[in-house]
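The structure under discussion appears below in the form of structure tokens.
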Amino acid sequence: MTQYIFTVVASDNKNPARTATAQVTVNVENVNDNSPQFPRLRYDVNTFENANYDLTNPLHTLQATDADMDPNNPPVYSFVVNDPDGNPINVQEYMGLRIDSISGVGYIYTTSPIDYDVLDGPIIATIIAEDSDGLSDITNVYITVLDTNDNTPMFNQSLYMETVYENTLPGQGILQVVASDGDRSPQYGTPSLRYYIDPPSNTFSILQSTGEIFAVRNLDYETGDRNFEFQVLAIDSSQPDEMTGTAMVSITIADINDNNPQFMRIFQSVTAEEQQSAGVLVAEVDASDIDSPGQNSDITYSFIDGNNPEAFTINETTGAITTSVVLDYENTPSYTLRILAENSAPAVSPATGSATATVVVSVGDINDNSPQFTDAPYSFEVSEDRMPVSTIGVVSAMDMDSGVNGELTYSIIAGNIENSVEIFRIDPISGEITLVGNVDRERTPSYSLTVQVVDGAASPRIDLVNIPITVLDVNDNNPIWIQQTYDVSITENSMAEVVAQVFQLFHLQYLTHAS
């Protein structure tokens with residue numbers, strides 16, 4: 001209420017005039033004809049999410065003015081919202097905020113934490129200031145909620161599992177881990193995440209910006225690279241209050257066929273006796289492969305050379321080599337078998353998936369062949385004037401067997417003794433026959449030698465040959481008259497004719513030399 005006080009003067013029209021005064025007090029009673037007025041159409045307020053405000057520490061205060069200036073009719077503040085039908089209504093609480101009116105001032109504070117991460121933008125609160133007669137004014141308060149790092153990064157999986165081949169190249173991506181952060185600001189949210197392996201690995205690394213995991217060295221299944229398990233971290237960029245999410249990664253290294261089989265012995269020399277029945281075990285080859293069990297290390301054995309004409313069989317699984325025919329030393333004294341050990345799975349270069357070995361099978365000789373004279377029949381001549389010791393001929397034999405079974409010894413077993421005197425002798429090694437006694441055609445015109453050849457086996461085999469030797473005559477005897485006197489009578493005029501035989505042969509040789 002406004003009061004006016006003034007003095008009223010009354011005067012007559014005389015001169016000098018006479019006056020009278022009176023004091024007048026006018027009280028002007030207020031009529032509510034003015035609305036409260038906000039000084040601004042818009043207020044901008046910033047606050048961090050989850051901040052707590054109360055009447056003693058309000059988020060913001062508002063004060064509208066009223067020209068009526070009635071202290072008994074201060075404005076009351078409310079939020080203006082729409083009801084389900086779209087009609088505006090006044091409420092005291094809105095989106096976790098409350099406004100209270102105290103002595104014409106509106107106090108805005110929180111009733112529950114404001115979460116930045118569920119907002120799509122600032123909170124726009126329409127505030128009404130209204131007096132008791134319903135006169136009012138409105139303003140808008142734009143509350144910008146600032147993000148805080150209140151969410152822990154979360155991986156989309158707690159366990160990542162991947163299988164890669166051991167020939168995966170360093171730097172080649174294996175898998176990608178993905179995490180998200182419930183904070184929505186770029187500063188604290190998903191865009192801020194950095195990825196790490198904890199503890200650091202000397203086998204794998206991770207791109208901090210993307211979470212892609214890759215190998216940093218060559219992998220090798222055979223040297224123990226089988227399974228790797230490690231922890232990955234996703235850390236947001238709010239330091240020093242950064243928050244960390246964790247997950248596990250399991251990487252299995254798969255084998256490839258990058259190793260060749262290896263023979264325990266790449267060369268063997270064995271002996272197999274001839275004339276044994278087929279199916280006799282002669283050797284075993286053994287190869288191994290350090291690749292993983294299965295096709296990469298399974299080995300199949302086969303012949304690639306030397307098994308002609310299919311004298312042997314090899315077990316493709318065990319590598320056992322057996323005879324498939326009856327071996328004959330004299331036909332084939334040895335075999336050089338080249339054997340292939342090959343994986344079932346295709347090899348990865350530079351591996352070939354195979355290896356070779358050599359087995360030399362020497363056929364053990366048995367004494368299954370008799371010696372045989374090679375140039376029989378033999379026939380030699382010797383002049384009766386030949387002097388001892390001289391060679392009159394050589395015999396030769398051969399034996400298909402080997403070793404002692406083929407070592408030959410010659411001997412004369414008949415025909416070389418005359419009157420207890422040895423006439424002929426044979427070299428037991430060379431078969432050379434020599435004259436060691438005197439021969440006389442007039443005494444013995446010929447000889448018949450029985451020559452034996454025997455091999456060196458424990459149960460020896462022999463061969464015999466009969467060799468006739470003719471003694472050649474020389475003129476080593478004078479003629480001898482059988483009679484000292486011959487009497488012959490003939491008639492005259494006899495025609496030419498033999499009239500008498502005046503001699504006779506003393507020796508057959510005389511006929512030759514006398515004639």
Side-chain angles (χ1 to χ4, degrees), residues 162-172 174 203 215-228 251-274 276-329 331-365:
E162 189 61 74
T163 299
V164 296
Y165 287 109
E166 61 177 321
N167 62 341
T168 299
L169 297 176
Q172 181 178 341
I174 295 175
T203 302
V216 296
R217 64 171 177 83
N218 291 320
L219 304 173
D220 189 356
Y221 179 92
E222 289 72 33
T223 59
D225 292 340
R226 305 292 175 85
N227 296 98
F228 295 88
I251 298 177
T252 300
I253 309 303
D255 185 36
I256 61 172
N257 190 17
D258 60 342
N259 290 279
N260 294 328
Q262 291 187 337
F263 280 97
M264 300 296 291
R265 291 180 291 174
I266 62 172
F267 179 83
Q268 293 187 60
S269 179
V270 299
T271 299
E273 296 295 332
E274 67 172 333
Q276 297 186 84
S277 59
V280 174
L281 177 67
V282 297
E284 288 183 285
V285 293
D286 185 20
S288 61
D289 194 313
I290 61 175
D291 286 317
S292 62
Q295 289 187 335
N296 292 339
S297 61
D298 288 345
I299 296 174
T300 300
Y301 300 96
S302 62
F303 292 120
I304 56 175
D305 192 23
N307 188 28
N308 295 316
E310 296 187 356
F312 300 94
T313 300
I314 187 168
N315 186 300
E316 65 177 16
T317 302
T318 67
I321 300 172
T322 55
T323 58
S324 55
V325 297
V326 176
L327 302 181
D328 185 358
Y329 171 87
N331 183 42
T332 307
S334 68
Y335 297 84
T336 300
L337 305 175
R338 290 191 63 218
I339 298 161
L340 177 70
E342 189 172 27
N343 292 139
S344 301
V348 177
S349 181
T352 62
S354 63
T356 59
T358 300
V359 176
V360 175
V361 181
S362 298
V363 180
D365 186 31

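On a predicted model such as this, the values are computed, not experimentally measured, just so you know. Just so you know, residue 1 is the first one in the sequence shown, and it goes up from there.
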Close side-chain approach of [X] to [Y], heavy-atom, < 4.5 Å:
| X | Y | answer |
| --- | --- | --- |
| L340 | F303 | no |
| I290 | S297 | no |
| V361 | T323 | no |
| D289 | P261 | yes |
| D255 | E222 | yes |

Hey, does the Lys NZ or Arg CZ of R226 hover above the aromatic six-ring of Y221, less than 6.0 Å from the centre and inside 45° of the axis?
->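 Verdict for Y221: a cation-pi partner in R226.
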Please report the closest heavy-atom contact between V363 and Y329, naming both atoms and the distance.
->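 Heavy-atom minimum between the residues: O-CD1, 3.0 Å.
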Atom [atom1] of [X] and atom [atom2] of [Y]: how far apart are they, to the nearest 0.5 Å?
| X | Y | atom1 | atom2 | value |
| --- | --- | --- | --- | --- |
| I253 | D220 | CD1 | CG | 10.5 Å |
| L219 | E166 | CG | CD | 8.0 Å |
| L327 | S334 | CG | OG | 11.0 Å |

Which residues share a salt bridge (Lys or Arg N to Asp or Glu O under 4.0 Å) with R217, sequence neighbours left out =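 If we apply the salt bridge (Lys or Arg N to Asp or Glu O under 4.0 Å) test to R217, skipping adjacent residues, the hits are D225.
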Please check if the side chain of D298 supplies one atom and the backbone of N343 the other of a donor-acceptor pair under 3.5 Å.
->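 Checked: no pair found.
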Show your working on side-chain contact (heavy atoms from CB on, under 4.5 Å) between N167 and D258 and close with a plain yes or no.
-> CA-CA 9 Å; N167 62 341; D258 60 342; over 6 Å; no
When the ring centroid of Y335 is compared with that of F312, is the distance short of 6.0 Å?
->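 Judged by ring-centre distance (under 6.0 Å), Y335 and F312 do meet the cut-off.
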Parallel, tilted or perpendicular: ring planes of F263 versus Y301, cut at 30 and 60 degrees =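 Tilted: the ring planes of F263 and Y301 meet at 30° to 60°.
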